[in-house]
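Written below as structure tokens is the structure these notes are about.
Proteins come first, then strands; the chains are lettered A, B, ... in the order of their sequence lines, and each starts at number 1. Fair warning: this is a prediction, and the values are worked out from it, not measured in the lab.
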Amino acid sequence: MIKFYKMKLKPLVEDLRWRGMLQDIMPGTEEQLSKEMTTAYIGFDPTSDSLHIGSLVPIILLVHLERAGHKPVALVGGATGMIGDPSGKSDERNLLDDEALAKNVAGIKRVLSRFLDFDGKEENAPMLVNNYDWMKNISFIEFARDVGKRITVNYMMAKDSVKKRFSGEDGAAGMSFTEFTYQLIQGYDFYHLYKTIGCKLQMGGSDQWGNITTGTELVRRMTPGEDAKVYAMTCPLITKADGGKFGKSEGGNIWLDTDKTSAYKFYQFWLNTSDEDAKKYIKIFTFLDRETIEELIKKHEEAPHLRLLQKKLAEEVTTFVHNKEAFEVAQKASSILFSDSFKSDIASLDEETFLDVFEGVPQAELKKEELAKGVDMIAALAAKTNFLSSNGEARRALQSNAVAVNKEKVNENYSLTEADLINGKYIILNKGKKNTYIIKAI
RNA sequence: GGGAAGAUACUCAAGCGGCCAACGAGGACAGACUGUAAAUCUGUUGGUUUUUACCUUCGCAGGUUCGAAUCCUGCUCUUCCCA
């Protein structure tokens, strides 16, 4: 049996290192992973009812793990979410109420199961757990005696996430006992998973290193005489070359859910990656092998204006997170919206394809009678459609030459008429290059 | 429990009786340039309005004043010092 797994295991750590997905790794981890099928887990915080691309890296890590022949466990923090992780925060976190939390946990489970088949039958099939399930039955006294006793406050205080909050530097606010407890609870998760399913490795973002090592320490101390060996590994936090926050785009987060971020927007986000970031991201966010990626980077450097790298990156990630069809539609929409022969391209689409392509683009309806009379541009942008939030904003956009009707720039005096309708039915508005809105005549 | 400081638009941060929709910085959005990139330069960044003007906003609630983000009183919250 052991031999069987040995044959199936792939060199995971080496690959992750090349991909730039390795920040810290505890000594012995690599040996453990090449020795036997290893169960490893990553925690997901239920701070929202869906996941955005910030969580894509841990998800991808779990998938890598599975593909390398190990057993990935996704832990949803139903219990830890009630406490709040102080890592990387300078202020005390607001607590979520039970209802919101339950909703978030369900949402995250739903998203995670798109990437990992939790119903799989294989030995190394992914597992989904919720730490609320075991934490809810533990009394405070029990916890204080069995867990709290094992770790000194001195040890806990030495963690950066805690130290920072005690130091008062950078305007950091104090820290409640609640948040202080967080690392113990997370550590207990590791112990619980070690005991119940033999989980030996915890992974996460590098901001989790402190919490994770508390876990490995706790496992060791809670199992005297067992010679328990558990490991830790983290990946770097994703950054942008220009120092901006990763994962934000015009108007907010990029989510992994179509109803929060359309596949078109999702595709566009990746397509707009800068050259420098694209080289980094393609290793992290795609499963392409080393040879393919190095070839792509070489080609890209020869002709950066073709943006081969961005296109491939966008294709791979959109296909992974959504699916092939969604990618194709997004690509088609992109190529039409940014083409030079926009008008003829768009006119050639039948209605079904048209709606398909523009699914996810904000739409509004306008009566044909109104169009017959002519609709003032300001009203068309704001009052009639709510594309922009106020007349003032619409006016500013028009004055700064940002608005286009069917890709032709217009000014304040323009008014929409039936002559602007494409196929007698639609008008396409743009604010800037990248914001598209559709008016449907009814 | 005692004392001190503070709360200003997305964030940081000026302003300390009229000239304040509120300096400045960052961010964001847009324009030019380009490759739907980066860098750079320019503009915008409470609402109604063509402009003027008006309305709402400076923790919350009252008050003083012709007039308050600016003064007074109470409340809430935060930080710091002493016990």
Side-chain angles (χ1 to χ4, degrees), chain A residues 89-94 164-176 179 239-254 262 264-282 296-297 299-315 317-318 330-342 345 357 361-362 376-379 381-383 386-405 407-415 428-437:
Chain A
K89 300 278 189 311
S90 57
D91 290 311
E92 180 83 11
R93 276 180 31 174
N94 294 323
K164 196 177 153 208
R165 293 279 288 274
F166 272 71
S167 70
E169 282 166 26
D170 307 326
M175 181 185 217
S176 65
E179 283 195 6
T239 54
K240 288 205 322 187
D242 64 8
K245 270 198 192 118
F246 170 76
K248 294 263 159 104
S249 167
E250 296 93 54
N253 274 321
I254 302 292
S262 68
Y264 167 77
K265 269 218 153 140
F266 188 86
Y267 177 79
Q268 281 287 321
F269 169 81
W270 295 102
L271 200 61
N272 275 302
T273 310
S274 72
D275 291 2
E276 211 170 325
D277 289 333
K279 283 180 216 165
K280 213 167 66 190
Y281 294 171
I282 196 145
L296 266 169
I297 291 178
K299 274 192 190 155
H300 180 263
E301 278 168 351
E302 283 163 9
H305 61 281
L306 295 178
R307 299 187 311 131
L308 281 177
L309 210 48
Q310 283 91 336
K311 284 177 187 164
K312 191 67 184 169
L313 175 68
E315 173 185 343
V317 186
T318 309
Q331 190 193 37
K332 183 149 198 181
S334 299
S335 71
I336 289 174
L337 281 172
F338 289 94
S339 84
D340 298 325
S341 53
F342 169 79
D345 283 1
V357 163
V361 170
D376 178 54
M377 254 343 269
I378 291 171
L381 285 166
N386 287 327
F387 291 151
L388 303 182
S389 59
S390 71
N391 288 357
E393 200 183 331
R395 182 167 298 110
R396 278 195 294 274
L398 284 159
Q399 278 165 358
S400 60
N401 195 30
V403 178
V405 172
K407 300 292 261 188
E408 311 252 359
K409 287 286 163 76
V410 298
N411 63 28
E412 277 179 84
N413 303 319
Y414 193 83
S415 62
I428 302 204
L429 295 182
N430 278 83
K431 182 192 142 231
K433 279 182 200 134
K434 293 167 193 169
N435 304 298
T436 305
Y437 313 99

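- Using a 4.0 Å heavy-atom distance criterion, A:N391 is classed as a sugar-phosphate-only contact.
- Heavy atoms of A:Q310 sit under 4.0 angstrom from at least one base atom.
- Closest approach to the A:S274 side chain among B:G31, B:C29, B:A38 is made by B:A38 (side chain taken as heavy atoms from C-beta onward).
- In this structure, B:C16 forms no base pair with any nucleotide, since neither Watson-Crick nor G-U wobble geometry is met with both distances under 3.5 Å.
- Taking the P atoms as reference points, B:C29 lies 11 Å from B:A38, given to the whole Å.
- Using N1 to N3 plus N6-O4 or O6-N4 for Watson-Crick, or N1-O2 and O6-N3 for G-U wobble, each under 3.5 Å, B:U51 pairs with nothing.
- Base engagement by A:D275 is indicated by at least one non-hydrogen atom pair under 4.0 Å involving a base atom.
- Residue A:K409 places at least one side-chain N or O under 4.0 Å from the OP1 or OP2 atom of B:G31.
- In this entry B:A32 has B:U40 as its Watson-Crick or G-U wobble partner, both defining distances falling under 3.5 Å.
- Here the separation of B:A69 from B:U78, taken at their P atoms, is 27 Å to the nearest Å.
- With a 6.0 Å radius and a threshold of 12 heavy atoms from other residues, nucleotides or ligands, A:E276 has its CD atom at or below the threshold.
- Taking 4.0 angstrom as the limit, A:N435 places a side-chain polar atom (N or O) nearer than this to OP1 or OP2 of B:A30.
- For the P atoms, the distance linking B:A68 with B:A21 amounts to 12 Å, nearest Å.
- Side-chain N/O atoms of A:Q399 and A:E412 include a donor and acceptor closer than 3.5 Å.
- Nucleotides B:A61 and B:C55 are separated by 22 Å at their C1' atoms, to the nearest Å.
- Close to B:U50, at under 4.0 Å from its OP1 or OP2, lies a side-chain N or O of A:R395.
- In this structure, of B:G31, B:A38, B:G47, it is B:G47 that holds the atom nearest to the side chain of A:S390.
- Nearest-nucleotide mapping onto RNA chain B: of A:S335 and A:I378, the residue sitting toward the 5' end is A:S335.
- Using a 4.0 Å heavy-atom distance criterion, A:R307 is classed as a base contact.
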Item to check | Check against ring-ring contact (aromatic ring centres under 6.0 Å, His included), A:F246 and A:Y281 | outcome: CA-CA 11 Å; A:F246 170 76; A:Y281 294 171; 5.2 Å; yes

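- Not a single donor-acceptor contact under 3.5 angstrom links the side-chain atoms of A:K311 to the base of B:U36.
- Here the side chains of A:L398 and A:N411 are not in contact, with every heavy-atom distance at 4.5 Å or above.
- No donor-acceptor pair closer than 3.5 Å links the side chain of A:R395 to the backbone N or O of A:I378.
- Taking the C1' atoms as reference points, B:G46 lies 13 Å from B:C10, given to the whole Å.
- Applying the Watson-Crick and G-U wobble criteria (two distances, each under 3.5 Å), B:U11 pairs with B:A25.
- With hydrogens and angles ignored, the 3.5 Å screen pairs a side-chain donor or acceptor of A:K407 with a backbone N or O of A:L337.
- At B:U49, none of the side-chain N or O atoms of A:R396 fall inside 4.0 Å of OP1 or OP2 (strictly under the cut-off).
- Contact annotation: A:K279 side-chain N/O to B:A37 OP1/OP2 distance is not under 4.0 Å.
- For the pair A:L313 CG and B:G35 P, the computed distance is 21 Å after rounding to whole Å.
- Of the residues near RNA chain B, A:Y267 and A:A402, the one whose nearest nucleotide (by heavy atom distance) lies more toward the 5' end is A:A402.
- In this structure B:C77 sits in a base pair with B:G6, meeting the Watson-Crick or G-U test at under 3.5 Å.
- Applying the Watson-Crick and G-U wobble criteria (two distances, each under 3.5 Å), B:G67 pairs with nothing in any strand.
- Counting any heavy atom pair closer than 4.0 Å across all strands shown, A:Q268 reaches a base atom.
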